[in-house]
Number of protein chains: 2
Amino acid sequence: MDGVKVDGRVERGEQTRRQILRRAAEIASVEGLEGLSIGRLAGELEVSKSGVFAHFGSKEELQLATVRAAAAIFVRQVVDPALVEPPGLGRLTRLMDGWLAYSQNRTFPGGCFFYAVQAEFDARPGRVRDAIAGYAREWNTYVRETVAAIPEVADPEQVAFELIAFLEMANAQSVLHDDPHAYDRARAAVRNRVAQATAAA
Amino acid sequence: MDGVKVDGRVERGEQTRRQILRRAAEIASVEGLEGLSIGRLAGELEVSKSGVFAHFGSKEELQLATVRAAAAIFVRQVVDPALVEPPGLGRLTRLMDGWLAYSQNRTFPGGCFFYAVQAEFDARPGRVRDAIAGYAREWNTYVRETVAAIPEVADPEQVAFELIAFLEMANAQSVLHDDPHAYDRARAAVRNRVAQATAAA
DNA sequence: AAACTAATTGTACGATCGTTCGTACAACTT
DNA sequence: AAGTTGTACGAACGATCGTACAATTAGTTT
């Protein structure tokens, strides 16, 4: 009746697959999804190259699976915790703080996974770019709707654009210059912009 | 008396070197500085692989030279034109507009060169990262000082942080989603933030 | 014209890339 | 117990990577 796997072989397979994708996302956040090589991944995990390859069938499929795995981690770490707050200012604040914490505590060693891979794939065609663009759109939409749930805000799309810009800037500065101050600056920027937007005329 | 090269051989060498670096920067803005391979570069330029290699002696040196060449293009296209305006609000506006035009008109086919390579190298050690970080610092400083030349602005560092965030966000969105609207949003964000900062109490 | 110098080329190298294939072994089914 | 399925492995493939070095071409100096 239940969907629980009873086959110990596929259970074991899914576990190694999870381990592979976890490590793959970590590497990709530092070296990019192209810098992520199957041989190196296998070496670090101490499994065979062909074993890793067999799980995905192609490098592109590995990259796509890595993006999906990273998205799941992102949702669990950033999106879900904000949902405990009711829609409104409180949820938005929780969302912004959650994102900055996600970046600052280095959930991925190279900072935000999607910042890294977005910049890597934004200018080339292909399924990987499409997947990344899709998640980016989802994130934009979610932030915009979270902002739009605050009745005083006149232009949620514009506000969402600016807020996301602050987050990514903090991540970029922090990683490149090893400067935790960037997060303070982003927090101040978010606070200021939200205050401005909610100060109805 | 003059420092003009009279040797036709080194003259020719410097010209091919310039061509190599121009193409290298174009490729790197799309594929990254690692995706930039000597063999491919040679193929596209229809010269020999060893000919390209001989100009730099190592891949890392080619990458460093490419970053320097891109920085020179950036300065000529963004920084210099703003210097015709006297320090103050006019220069800042010119600088912001110049940057957005530089990104929008695809001076580099992959959008802003430095956005691409920053995200690629921000998390790994090495001379290339150091060079990129150095230029990024210079750019931050220059924007901050341009803002600071406007007497009404209380916290130039904070304002510069936010303005640069808008620029990079516009570039990222535009390239990833093929959405020219992002530049309008960035222009609106810059206008609004500058207006807020110059509205003295 | 000969000697020299700088830019460019051709050939070759070891390493690593993604990928393919046949095999070994554990776990499940009958 | 015999047969089937799924995961993981080792070895090898052609291609490409960065790099090395000797030969060649073009331009300068004597």
Side-chain angles (χ1 to χ4, degrees), chain A residues 2-24 27-28 30-67 120-121 124 126-128, chain B residues 2-24 27-28 30-67 69 120-121 124 126-129:
Chain A
D2 49 10
V4 174
K5 288 278 169 6
V6 284
D7 192 328
R9 294 170 301 182
V10 319
E11 169 60 31
R12 183 168 60 109
E14 287 178 3
Q15 187 172 337
T16 54
R17 189 188 156 98
R18 276 193 296 272
Q19 289 175 346
I20 291 171
L21 289 176
R22 195 43 173 111
R23 193 88 194 86
I27 294 177
V30 175
E31 318 266 1
L33 281 166
E34 292 291 349
L36 169 72
S37 90
I38 297 175
R40 178 186 166 181
L41 188 54
E44 294 198 11
L45 290 170
E46 293 181 327
V47 295
S48 71
K49 202 168 81 157
S50 47
V52 173
F53 183 86
H55 272 281
F56 307 98
S58 75
K59 167 123 191 214
E60 189 181 42
E61 216 58 57
L62 165 64
Q63 291 172 328
L64 288 168
T66 303
V67 172
E120 186 183 7
F121 279 86
R124 17 178 160 172
R127 297 204 297 151
V128 178
Chain B
D2 49 11
V4 174
K5 287 277 168 5
V6 286
D7 192 328
R9 295 171 300 183
V10 320
E11 169 60 31
R12 183 167 63 107
E14 286 178 3
Q15 188 172 335
T16 55
R17 189 188 155 97
R18 276 192 296 272
Q19 289 175 347
I20 292 171
L21 290 176
R22 192 56 176 96
R23 193 90 194 83
I27 295 177
V30 176
E31 318 266 2
L33 281 166
E34 292 291 349
L36 169 72
S37 90
I38 297 174
R40 177 185 167 183
L41 189 54
E44 295 198 11
L45 290 169
E46 293 181 329
V47 295
S48 71
K49 200 169 87 159
S50 42
V52 173
F53 182 84
H55 271 281
F56 307 98
S58 75
K59 167 126 190 211
E60 189 181 41
E61 216 58 55
L62 166 64
Q63 292 173 327
L64 288 168
T66 303
V67 172
E120 186 181 7
F121 279 86
R124 18 179 156 171
R127 297 203 297 151
V128 179
R129 174 222 159 104

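Chain letters run A, B, ... following the sequence lines, proteins first and then strands; every chain starts at 1.
- Judged by distance alone, the side chain of B/E120 and the main-chain N or O of A/G32 form no donor-acceptor pair under 3.5 Å.
- Distance, A/E44 CD to C/dT16 P: 14 Å, rounded to whole Å.
- Put simply, the side chain of B/K49 and the base of D/dG18 share a donor and an acceptor less than 3.5 Å apart.
- Atom CZ in A/F53 sits roughly 5 Å away from atom P in C/dT20 (whole-Å rounding).
- For A/T16, a side-chain nitrogen or oxygen approaches OP1 or OP2 of D/dA8 to under 4.0 Å.
- With rounding to whole Å, A/R12 atom CZ is found 5 Å from D/dT7 atom C1'.
- Separating the CG atom of A/D7 from the C1' atom of C/dC28 is a distance of 6 Å, rounded to the nearest angstrom.
- A/L62 has its side chain within reach of A/L21: a pair of non-hydrogen atoms, C-beta onward, lies under 4.5 Å apart.
- Within the nucleic acid shown, A/S48 comes within 4.0 Å of at least one base atom, counting heavy atoms only.
- Judged by atom type and distance alone, A/S50 reaches the base of D/dG10 through a side-chain donor-acceptor pair under 3.5 Å.
- Rounded to an integer number of Å, the gap from A/I38 CD1 to D/dA8 P is 15 Å.
- If you check every strand for non-hydrogen atoms under 4.0 Å, A/A54 touches nothing.
- The CD atom of A/E34 sits 9 Å away from the P atom of C/dG18 (whole-angstrom rounding).
- Taking only side-chain nitrogens and oxygens, A/H55 comes nearer than 4.0 Å to OP1 or OP2 of D/dA8.
- Between A/G57 and B/V47, it is B/V47 whose nearest contact on DNA chain C lies nearer the 5' terminus.
- Here C/dT8 presents its P atom at 11 Å from CZ of B/R17, a figure rounded to the nearest Å.
- If you take CD on A/E11 and CD on A/E14, they are separated by 6.0 Å, rounding to the nearest 0.5 Å.
- Within the model, atoms OG of A/S58 and CD1 of A/I38 stand 8.0 Å from one another, a figure rounded to the nearest 0.5 Å.
- At whole-Å resolution of the value, CD in B/E14 and P in C/dA6 are 13 Å apart.
- In this structure the side chain of A/L33 reaches within 4.5 angstrom of the side chain of A/V67, judged on heavy atoms.
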